[in-house]
Amino acid sequence: STNCLYAGAFDRLECACRLIGLNEKADEFKKRSEILKDAIRKNFLHKDGYYAYFKRRDGGLEPRRDQLGSALLVLFDVLPPEEQHKAIDDYPYIDFGGPLFWPFYPNSNFYHNNSIWPFADTIFNLACFKCYRKKDILLRALANLCRHSLRGSFNEVLHYPTGEFRGADHYIWSAAAYLAVIFKMIAGINVDDPRKIRFKPHLPAELGSKFTIKNLRIGKMKLDINIQGNGDNVADFKVDGKPVEDSVLYRDGKDHTVEIYLK
């Protein structure tokens with residue numbers, strides 16, 4: 001997962017350099033990203049077909065998968081699109097969520113071992129949603145996070161064998177995970193390009209036919225977002241009442257109302 005984070009950082013540094021005209025520096029970051037992604041694919045692929053949790057000091061691969069690393073292989077495009085599903089398929093999952101890594105170590109120690117972390121679980125679901133874009137994934141991610149909020153706030157961690165709440169009662173990573181489902185999966189907000197915001201919403205019928213986000217601040221902008229209908233096919237996209245093509249809002253630093261109609 002740490003190597004994937006570096007690869008993702010190199011990609012974003014490349015983008016930033018191109019935006020300000022530092023093309024030679026951008027090429028350097030692009031090359032570093034490509035070399036690192038190639039090294040990840042070559043050095044962490046286990047003979048059984050999954051990507052290993054880590055490589056040990058003796059050069060051997062740990063015979064375990066980790067949830068966060070598996071997700072970042074997809075979200076940061078370390079794997080080519082046609083292979084991304086292999087990083088997440090067959091990862092174990094129960095009603096409470098997925099394990100932080102699998103299999104657990106054969107002892108009763110808890111926190112990383114024998115645990116479900118809602119923020120890591122949500123990142124994994126984001127990767128699944130990117131690959132398959134199914135409503136079941138969205139509803140699963142939302143349901144698991146709602147379970148973590150049953151005590152009035154977002155809980156830190158669950159004990160995998162029993163489903164018991166453990167750790168802190170109030171945990172900002174878990175709250176951020178909930179917001180990720182709202183913004184990334186349901187509203188489909190993408191702000192990777194600093195000049196514009198793309199929307200690719202998905203609203204299952206199980207959540208009703210209207211969904212509203214009020215006073216969302218992105219940079220200097222404040223947005224009211226109204227989504228109507230169900231599914232993920234945008235029939236009409238309006239900004240301040242005016243139709244806009246390609247479901248794109250350009251970042252002008254002003255406040256706007258966005259209306260999205262799905263069919």
Side-chain angles (χ1 to χ4, degrees), residues 1-45 51-55 66-88 119-120 122-131 133 172-173 176-177 179-201 213 216-223 225 234 237 239 244-256 258:
S1 60
T2 305
N3 279 283
C4 290
L5 285 170
Y6 272 95
F10 291 149
D11 289 341
R12 283 148 183 77
L13 287 167
E14 178 201 349
C15 178
C17 287
R18 294 206 189 282
L19 287 171
I20 59 177
L22 299 178
N23 289 321
E24 289 187 8
K25 195 69 175 176
D27 290 341
E28 177 186 329
F29 283 122
K30 181 179 180 180
K31 184 177 180 180
R32 293 180 71 178
S33 174
E34 291 172 348
I35 291 172
L36 180 53
K37 289 177 180 180
D38 185 61
I40 294 170
R41 293 191 295 268
K42 288 180 178 178
N43 290 283
F44 287 90
L45 181 60
Y51 283 84
Y53 184 13
F54 59 86
K55 179 175 281 191
D66 76 295
Q67 192 177 44
L68 189 57
S70 299
L72 296 183
L73 287 168
V74 175
L75 294 174
F76 290 154
D77 295 311
V78 176
L79 301 182
E82 66 274 12
E83 295 182 15
Q84 290 180 357
H85 69 95
K86 297 178 183 179
I88 56 176
F119 97 91
T122 299
I123 292 173
F124 183 81
N125 280 318
L126 286 170
C128 294
F129 195 67
K130 179 183 176 182
C131 282
R133 201 165 172 80
I172 195 168
W173 284 3
L179 293 177
V181 174
I182 301 300
F183 297 150
K184 291 285 189 179
M185 291 190 186
I186 297 178
I189 298 172
N190 186 318
V191 292
D192 286 346
D193 189 326
R195 299 163 297 185
K196 54 192 175 184
I197 303 169
R198 293 189 179 276
F199 292 83
K200 193 177 180 181
I213 300 174
L216 174 62
R217 290 198 173 273
I218 301 178
K220 295 181 180 179
M221 302 173 69
K222 184 172 71 174
L223 305 180
I225 303 168
V234 177
F237 184 90
V239 177
V244 176
E245 294 183 357
D246 300 325
S247 303
V248 171
L249 171 63
Y250 287 90
R251 299 180 67 173
D252 57 7
K254 300 178 181 179
D255 298 345
H256 295 287
V258 176

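When a residue number appears, it is its place in the shown sequence, counting from 1.
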Derivation of the side chain to side chain contact (heavy atoms under 4.5 Å, CB included) call for Tyr250 and Val244: CA-CA 10 Å; Tyr250 287 90; Val244 176; 5.9 Å; no
Taking atom [atom1] as the centre, does [X] end up with more than 12 heavy-atom neighbours from other residues, nucleotides or ligands that are less than 6.0 angstrom away?
X: Ile172; atom1: CD1; value: no
X: Phe54; atom1: CZ; value: yes
X: Tyr6; atom1: OH; value: no
X: Glu24; atom1: CD; value: no

Atom pair [atom1] ([X]) and [atom2] ([Y]), whose distance is rounded to the nearest 0.5 Å:
X: Asn190; Y: Lys196; atom1: CG; atom2: NZ; value: 10.0 Å
X: Lys200; Y: Arg133; atom1: NZ; atom2: CZ; value: 5.0 Å
X: Lys42; Y: Leu45; atom1: NZ; atom2: CG; value: 12.5 Å
X: Phe129; Y: Leu75; atom1: CZ; atom2: CG; value: 12.0 Å
X: Phe119; Y: Thr122; atom1: CZ; atom2: OG1; value: 9.5 Å
X: Lys254; Y: His256; atom1: NZ; atom2: NE2; value: 7.0 Å

May I ask you to test the [X]-[Y] pair for a side-chain heavy-atom distance under 4.5 Å?
X: Ile189; Y: Ile225; result: yes
X: Arg251; Y: Ile218; result: yes
X: Phe237; Y: Val248; result: no
X: Leu19; Y: Arg195; result: yes
X: Leu223; Y: Leu249; result: yes
X: Arg12; Y: Phe76; result: yes

Any salt bridge between [X] and [Y], counting N to O under 4.0 Å?
X: Arg217; Y: Asp255; answer: no
X: Glu34; Y: Lys31; answer: no
X: Asp11; Y: Lys37; answer: yes
X: Asp27; Y: Lys30; answer: no

Quick one: do Lys184 and Asn125 satisfy side chain to side chain contact (heavy atoms under 4.5 Å, CB included)? Show the steps, please. CA-CA 11 Å; Lys184 291 285 189 179; Asn125 280 318; over 6 Å; no
Can you name the nearest heavy-atom pair linking [X] to [Y], along with the distance?
X: Phe199; Y: Ala187; result: CD2-O, 3.9 Å
X: Cys4; Y: Gly69; result: SG-O, 4.3 Å
X: Leu72; Y: Ser1; result: CD1-O, 3.7 Å
X: Phe29; Y: Glu14; result: CB-N, 3.9 Å
X: Ala26; Y: Arg18; result: CB-CG, 3.4 Å
X: Lys25; Y: Cys17; result: CG-SG, 3.8 Å

Give the intermediate values and the outcome of side chain to side chain contact (heavy atoms under 4.5 Å, CB included) for residues Phe44 and Asn3. CA-CA 10 Å; Phe44 287 90; Asn3 279 283; 3.8 Å; yes
Has Gln84 got a side-chain atom pairing as donor or acceptor with Leu79's backbone, closer than 3.5 angstrom? yes
